[in-house]
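Before any comments, here is the structure.
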Amino acid sequence: MKKTILGAIAVLLVVILVLSPMFYKTNSVDINNKNSIISNILELKGYTSINIMKEKKYYDYYAVLFKPNPKSDNSEENLELIIYKKNQSFLSSNYEYYGGSSSTKNFNTFNGNEKGEKTTIIVYGDNRSTKAYSYSIKNSEISYKKDIKADLVLDIYVIFDSDNCSSVNELYDMNEKVIDIF
């Protein structure tokens, strides 16, 4: 009798674990499934359609650069950024919503810090009108400089042992002169 009750409890727990994701709203996505990503962004942002412009995965982060469809959503055609972080649960290999950003400027950053352990800086932008040759970001005393080789920029930096999530960011022309601060 005891074995039957324990067996029934074990089966019930397994069923609950398997079915529980269907009963609550989650901001989890499978980054290998484009429809999962789009559906999640539409739900989070309240848009009816988007155009994914660029995606990037680095370390535990997955960033998506997109534009809402202005014809269907009465929105500006600004670049928007959604960031997901790998779910650390042993039951899931999905990524959870981490943050986002929207900008009317051609270049911007998303800066985040996790309990003083690491700082995440994501640089994103549209270089078609700016025509910058490179950019730099400076966090505390550490500087990173990168040449821009595409029209759309999406780069992820993870800085460990940092509790400073601020950054100073500059765009340069081909002569290394600052053309904008973002």
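Every heavy atom of this structure was used, including side-chain atoms; hydrogens, water molecules and symmetry mates were not. Numbers here are sequence positions counted from 1. Values in this document were obtained by computation on a predicted structure and should not be read as measured data.
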Between the side chains of [X] and [Y], does any donor sit under 3.5 Å from an acceptor?
| X | Y | value |
| --- | --- | --- |
| S167 | N139 | no |
| N78 | T104 | no |
| N106 | S129 | yes |
| Y95 | S28 | no |
| E80 | Y47 | yes |

Do we get K56 above Y61's six-membered ring, with its NZ or CZ under 6.0 Å from the centre and within 45° of the axis?
no
Write down the atom of [X], the atom of [Y], and the distance for their closest heavy-atom approach.
| X | Y | result |
| --- | --- | --- |
| I37 | I31 | CD1-O, 3.6 Å |
| N108 | S101 | ND2-OG, 4.4 Å |
| A150 | N127 | O-CB, 4.0 Å |
| Y172 | V178 | CE2-CG2, 3.5 Å |
| L81 | A63 | CD1-CB, 4.0 Å |

Candidate pair K146 and S136, rule side-chain contact (heavy atoms from CB on, under 4.5 Å), full reasoning
CA-CA 6 Å; K146 186 167 183 181; S136 70; over 6 Å; no
May I ask you to check whether over 12 heavy atoms, not counting those of K57, lie within 6.0 Å of atom NZ?
no
Do [X] and [Y] land in one hydrophobic cluster if side-chain heavy atoms of ILVMFWY residues count as linked below 4.5 Å?
| X | Y | result |
| --- | --- | --- |
| I181 | I142 | no |
| I137 | V168 | no |
| L44 | F110 | no |
| V29 | F66 | yes |
| V153 | M53 | no |

Just how far is it from atom [atom1] of [X] to atom [atom2] of [Y], taken to the nearest 0.5 Å?
| X | Y | atom1 | atom2 | result |
| --- | --- | --- | --- | --- |
| I52 | L65 | CD1 | CG | 10.0 Å |
| D60 | Y98 | CG | OH | 10.5 Å |
| C165 | K118 | SG | NZ | 14.0 Å |

Step by step, would you call E114 with K85 a salt bridge (Lys or Arg N to Asp or Glu O under 4.0 Å)?
CA-CA 12 Å; E114 294 180 36; K85 185 174 180 210; 2.6 Å; yes
State, yes or no, whether a side-chain contact exists between [X] and [Y] at a heavy-atom distance under 4.5 Å.
| X | Y | value |
| --- | --- | --- |
| M174 | S134 | no |
| I122 | D155 | no |
| N113 | N164 | no |
| I148 | L171 | yes |
| T120 | Y59 | no |
| T119 | N111 | no |

Given side-chain contact (heavy atoms from CB on, under 4.5 Å), test I50 with L42 step by step and report yes or no.
CA-CA 7 Å; I50 59 167; L42 294 176; 3.9 Å; yes
Would you please name every residue forming a ring pair (Phe, Tyr, Trp, His ring centres under 6.0 Å) with [X], sequence neighbours left out?
| X | answer |
| --- | --- |
| Y62 | none |
| Y58 | none |
| F182 | F107 |

Non-neighbouring partners of D30 that pass side-chain contact (heavy atoms from CB on, under 4.5 Å), sequence neighbours left out:
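Testing D30 for side-chain contact (heavy atoms from CB on, under 4.5 Å), a comparison that skips the adjacent residues, returns N32, N33, S36, N94.
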With sequence neighbours excluded, residues passing side-chain contact (heavy atoms from CB on, under 4.5 Å) with D126
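Testing D126 for side-chain contact (heavy atoms from CB on, under 4.5 Å), a comparison that skips the adjacent residues, returns K67, L79, R128, L152.
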Evaluate side-chain contact (heavy atoms from CB on, under 4.5 Å) for V64 paired with I41, printing each intermediate quantity in order.
CA-CA 9 Å; V64 180; I41 293 172; 3.9 Å; yes
Restricting to pairs with a member in residues 118-144, which pass ring-ring contact (aromatic ring centres under 6.0 Å, His included), not counting sequence neighbours?
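For residues 118-144: Y144-Y157.
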Carboxylate-amine/guanidinium proximity below 4.0 Å for K177 and E170:
no
For A132, is there any backbone N or O sitting under 3.5 Å from a side-chain donor or acceptor partner on T130?
no
Decide yes or no on side-chain contact (heavy atoms from CB on, under 4.5 Å) for K131 and I179, but give the supporting numbers first.
CA-CA 10 Å; K131 308 248 185 267; I179 58 174; over 6 Å; no
